[in-house]
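Atoms within a ligand are numbered from 1 in the order they appear, just like the ligands themselves.
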Amino acid sequence: MIVVSGPSGAGKSTILQRALAEVRRLRFSVSHTTRPPRSGEREGIDYHFVSRSEFQRLVDDRMFLEWASVHDDCYGTARSEYDRAAGDGVDLLLDLDVQGARSVRQQFPDAVSVFVLPPSYEHLERRLRSRGPADESVYARRLRVAAEELRVFPQYDYAIINDDLDESVDSLKAIIRAARCRTSRVEPAARKILSTFDPDEKESR
Ligand code: ADP
Ligand code: 5GP
């Protein structure tokens with residue numbers, strides 16, 4: 001599991017989408033949310049958009065691996081996303097707020113966590129506004145929450161300052177590649193290789 005967090009507007013979705021198009025065996029974990037779709041967002045691709053009552057039913061039925069309330073809306077990762085990815089042998093890329101990331105790190109100690117920072121407050125404000133019209137109160141709330149979220153970046157394994165987009169995408173791809181080369185990940189294949197050096201095994205082949 002590769003968990004990416006960072007304040008709204010830092011550029012997470014943009015970086016993730018590029019990485020997903022360029023890295024094999026990587027799948028985006030489509031979350032459930034009670035927030036309405038933004039223009040261009042598609043059901044089942046960016047999010048599963050559900051009502052508050054439907055979300056509550058999923059919480060009651062323990063369908064979520066983790067869920068959190070962010071900016072007055074609810075967001076959650078379905079257990080089925082994880083199970084499906086594990087069954088298909090692909091890595092799962094999750095875009096989670098800081099509470100969700102903490103929960104996943106506790107449940108999956110080998111998850112890799114990445115924090116995306118904007119280059120400055122002004123960059124973040126500009127990017128939030130560039131995403132389309134919203135109430136002034138929406139921008140104000142997201143910028144206020146951003147200041148709190150940014151403080152927890154040291155809890156993450158890696159941090160990317162998203163200034164140049166190409167460089168940020170390269171950094172995420174390098175992090176994924178390095179994670180895939182961890183000895184714990186390679187161990188089953190490495191053990192198989194080792195067994196080919198075993199004289200008894202050699203004889204039976
Ligand atoms: P998030 O998923 O973190 O909320 P988005 O990916 O939606 O953020 O990005 C917010 C806005 O910033 C979008 O309009 C996006 O095109 C823009 N953006 C993302 N990364 C960069 C970058 N490196 N330089 C300039 N603009 C960027
Ligand atoms: P946005 O509304 O900008 O798409 O997302 C707002 C925040 O919710 C972001 O910080 C994003 O990382 C977070 N988020 C998206 N999906 C989930 C999820 O399934 N669980 C949690 N905990 N946070 C999520």
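- Among protein heavy atoms, the minimum distance from atom 20 (N) of ligand 2 is reached at Glu66 OE2, 2.7 Å.
- If you look at Gln99 next to ligand 2, there are no close heavy atoms at all, none under 4.0 Å.
- The ring pair (Phe, Tyr, Trp, His ring centres under 6.0 Å) with His32 is formed by just one residue from the set Phe64, Phe55, Phe49, Tyr47; it is Phe64.
- Regarding atom 11 (C) of ligand 2, its nearest protein heavy-atom neighbour is Asp95 OD1, 3.3 Å.
- Atom 22 (N) of ligand 2 has as its closest protein heavy atom Asp97 OD1, 2.7 Å.
- Within 6.0 Å of CG in Leu143 there are more than 12 heavy atoms belonging to other residues, nucleotides or ligands.
- Enclosure of atom CZ in Phe28 by more than 12 non-hydrogen atoms of other residues, nucleotides or ligands within 6.0 angstrom is indicated.
- Here atom 1 (P) of ligand 2 lies nearest to Arg38 when heavy atoms of Arg38, His48, His71 are compared.
- Atoms of ligand 2 lying under 4.0 Å from any heavy atom of Ser8, numbered from 1 in the order shown and given with element: 3 (O).
- Scanning the protein heavy atoms around atom 19 (O) of ligand 2, the nearest turns out to be Ser31 OG, 2.6 Å.
- At the shortest separation from atom 5 (O) of ligand 2 among protein heavy atoms lies Tyr47 OH, 3.4 Å.
- Of the N and O atoms on the side chains of Tyr156 and Ser5, at least one donor lies less than 3.5 Å from an acceptor on the other residue.
- Heavy-atom contacts from other residues, nucleotides or ligands closer than 6.0 Å to CZ of Phe153 number 12 or fewer.
- Considering Arg24, Arg180, Arg27 in turn, Arg180 is the only one that fulfils the salt bridge (charged side-chain N to carboxylate O under 4.0 Å, His left out) rule with Asp91.
- Atoms of ligand 2 found under 4.0 Å from any heavy atom of Arg35 (numbered from 1 in listed order, with element): 1 (P), 2 (O), 4 (O).
- The closest protein non-hydrogen atom to atom 7 (C) of ligand 2 is Val70 CG1, 3.9 Å.
- Side-chain atoms of Ser8 and Arg131 include a donor-acceptor pair closer than 3.5 Å.
- Electrostatic pairing of Glu136 and Arg129 counts as a salt bridge here, judged by a charged N lying under 4.0 Å from a carboxylate O.
- For ligand 1, the 4.0 Å heavy-atom shell takes in Pro7, Ser8, Gly9, Ala10, Gly11, Lys12, Ser13, Thr14, Arg127, Ser130, Arg131, Asn162, Asp163, Leu165, ordered by chain and residue number.
- Within ligand 2, the atoms closer than 4.0 Å to a non-hydrogen atom of Lys12 are 12 (O), numbered from 1 in the order shown.
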